[in-house]
Chemist: 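Structure below; questions to follow.
Quick note: residue numbers are just sequence positions, from 1.
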Amino acid sequence: MHAGLRITAFTAALAATFGTAYGVGQAFDPVVEDAAPARHETHPRASSEPAEEGEHGGHEAEPAGGLQISEGGYTLDLATPRVAAGERSKLSFVIRDSAGRAVTAYQREHEKELHLIVASRDLGTYRHLHPTRAADGTWSIPVDLPRAGGYRVFADFTPAREGAENLTLGADLAASGPYEPQRLPAPNSTAKVDGYEVRLDGGLRPGKAGELKLKVSRDGRPVTDLQPYLGAYGHLVALRSGDLAYLHVHPNGEPGDGTTKPGPDVSFTATAPSAGSYRLFLDFKHEGKVHTAAFTVRAGAAQGIDEPHADESGHGH
């Protein structure tokens, strides 16, 4: 997916915005919440020194996406910058062109004109949503964010004009209420969700493409009848811990092309924009329901650069 402008640090902004409490007052896609938290390829230059968690080593030739509110003449105008945690709210926004006009024409990609990702800053909550667009270009969708704190909203789209590139624009969203920071879950290679077990083989390398293979099973048996979701047998989003740099990738092959099977393996090719810790979210569909498995991986670590390790529980949530 297309990358954005130079990465900026959010630590100072978060410190200024979040104290001991937040004072500012789904179409229903998958939700990931950690109860006890402990084609967007970029080709950046990465440092040989591994970064600490929340830090990002090296210099990026093409910085990652989602870190900017404007790019390529388009701007994400978030009309709902604040919501109340635990309450159902309407999230609305408009994509504006360089003249300030609301964009009303988009290319359909993976069955949708626009994909909306909402993730908490601590990466404990993740939602992949598909809002509805009104005739005047306003997008809206109901949301119910479970915990107070800082969130990032990502709009993933391609304008309907010749030569237009895919864009991922990001904006900050605050959920009010008592705020307690959460730790990033430990690295894991196995995730359990809704009675399924998903194993991750491979990992992320800074500035180098690598294969991520995910195997879905249930009750100890491989799931061989996955259903297409958004035109694929799986949908993967990676977010970098700290600044939430965005990496969106899709499986190698498509249903019906003769090269892919409906499980249990779904493979992806991805390139990490830099060293650091990442949270991976895999959406897959089985028996008519979408499920989301989450993993924490390290890119550029001194040990196991592309081999994630399970935590004590064997999964990340």
Side-chain angles (χ1 to χ4, degrees), residues 1 3-4 6-15 17-18 32-38 40 42 44 46-47 49-60 63-68 117-128 147 149-154 168 170-173 175 179-189 191 200 203-207 210 212 236-249 270-282 292-311 315-317:
M1 193 169 272
R6 183 175 304 276
I7 290 173
T8 57
F10 287 94
T11 303
L14 286 173
T17 307
F18 311 134
V32 174
E33 297 174 31
D34 293 298
H40 292 327
T42 55
S47 168
E49 295 296 324
E52 294 300 319
E53 185 172 303
E55 297 179 358
H56 318 292
H59 301 282
E60 300 180 8
L67 295 174
Q68 63 291 329
I117 303 297
V118 180
S120 60
R121 283 284 177 185
D122 58 24
L123 297 176
T125 300
Y126 167 87
R127 297 191 179 189
H128 182 168
R147 295 184 292 117
Y151 287 79
R152 189 74 173 167
V153 175
F154 301 93
T168 301
D172 289 328
L173 173 68
Y179 173 65
E180 295 182 8
Q182 308 287 322
R183 295 185 61 187
L184 186 73
N188 60 304
S189 60
L200 170 65
L204 295 174
R205 291 178 178 269
L212 298 168
L236 185 67
V237 169
L239 296 172
R240 185 169 58 193
S241 177
D243 62 1
L244 273 63
Y246 178 96
L247 177 67
H248 194 173
V249 294
T271 304
S274 77
S277 294
Y278 291 77
R279 193 76 167 146
L280 273 59
F281 300 94
L282 171 71
T292 303
F295 303 85
T296 300
V297 300
R298 293 272 293 168
Q303 298 292 328
I305 184 169
D306 60 353
E307 293 295 332
H309 303 285
D311 57 18
H315 58 84
H317 50 286

Chemist: Which pair of heavy atoms, one from S120 and one from R147, lies closest together, and at what distance?
Modeler: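 Of all heavy-atom pairs spanning S120 and R147, the closest is OG-NH2, 3.8 Å.
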Chemist: Measure from the side-chain N and O atoms of Q68 to the backbone N and O of A171, and report whether any donor-acceptor pair falls under 3.5 Å.
Modeler: no
Chemist: Of the non-hydrogen atoms in A275 and G300, which two are nearest, and what is the gap between them?
Modeler: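 A275 and G300 have their closest heavy atoms at CB-CA, 4.2 Å.
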Chemist: Restricting to non-hydrogen atoms, name the atom on F281 and the atom on R279 that form the minimum distance, rounded to 0.1 Å.
Modeler: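 Taking every non-hydrogen atom into account, CZ-CG, 3.2 Å.
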Chemist: Looking at side-chain heavy atoms only, is the closest gap between L239 and F154 below 4.5 Å?
Modeler: yes
Chemist: My understanding is that only one of L123, L204, L247, T296 makes a side-chain contact (heavy atoms from CB on, under 4.5 Å) with L280; could you say which?
Modeler: L204
Chemist: Would a distance-only check, ignoring hydrogens and angles, find a side-chain to backbone donor-acceptor pair under 3.5 Å from R152 to G66?
Modeler: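 Checked: pair present.
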Chemist: Report the distance from atom CG of L282 to atom CZ of F295, rounding to the nearest 0.5 Å.
Modeler: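 Rounded to the nearest 0.5 Å, the CG-CZ separation comes out at 6.5 Å.
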Chemist: Report yes if some heavy atom in the side chain of H128 is under 4.5 Å from a heavy atom in the side chain of T292; otherwise report no.
Modeler: no
Chemist: Could you give the distance from CG (L236) to CG (L200), rounded to the nearest 0.5 Å?
Modeler: 8.5 Å
Chemist: About how many Å separate CZ of R121 and OH of Y179, when rounded to the nearest 0.5 Å?
Modeler: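 One gets 10.0 Å once the value is rounded to the nearest 0.5 Å.
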Chemist: Given side chains that start at C-beta, do those of L67 and R240 come closer than 4.5 Å, heavy atoms only?
Modeler: yes
Chemist: Quick one: closest heavy-atom pair of A191 and A294, and the distance?
Modeler: CB-O, 3.4 Å
Chemist: Strictly distance-based, threshold 3.5 Å: is any side-chain N or O of S277 a donor or acceptor partner for the main-chain N or O of S241?
Modeler: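 No, the answer is negative, given that no donor and acceptor are paired below the 3.5 Å cut-off.
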Chemist: Out of curiosity, Y278 OH to L244 CG, how far, rounded to the nearest 0.5 Å?
Modeler: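 The OH atom of Y278 sits 11.5 Å away from the CG atom of L244.
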Chemist: Over all heavy atoms of both residues, which pair between A299 and P206 is shortest? Give the atoms and the distance, please.
Modeler: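 Looking at all heavy atoms of both residues, the closest pair is C-CG, 4.0 Å.
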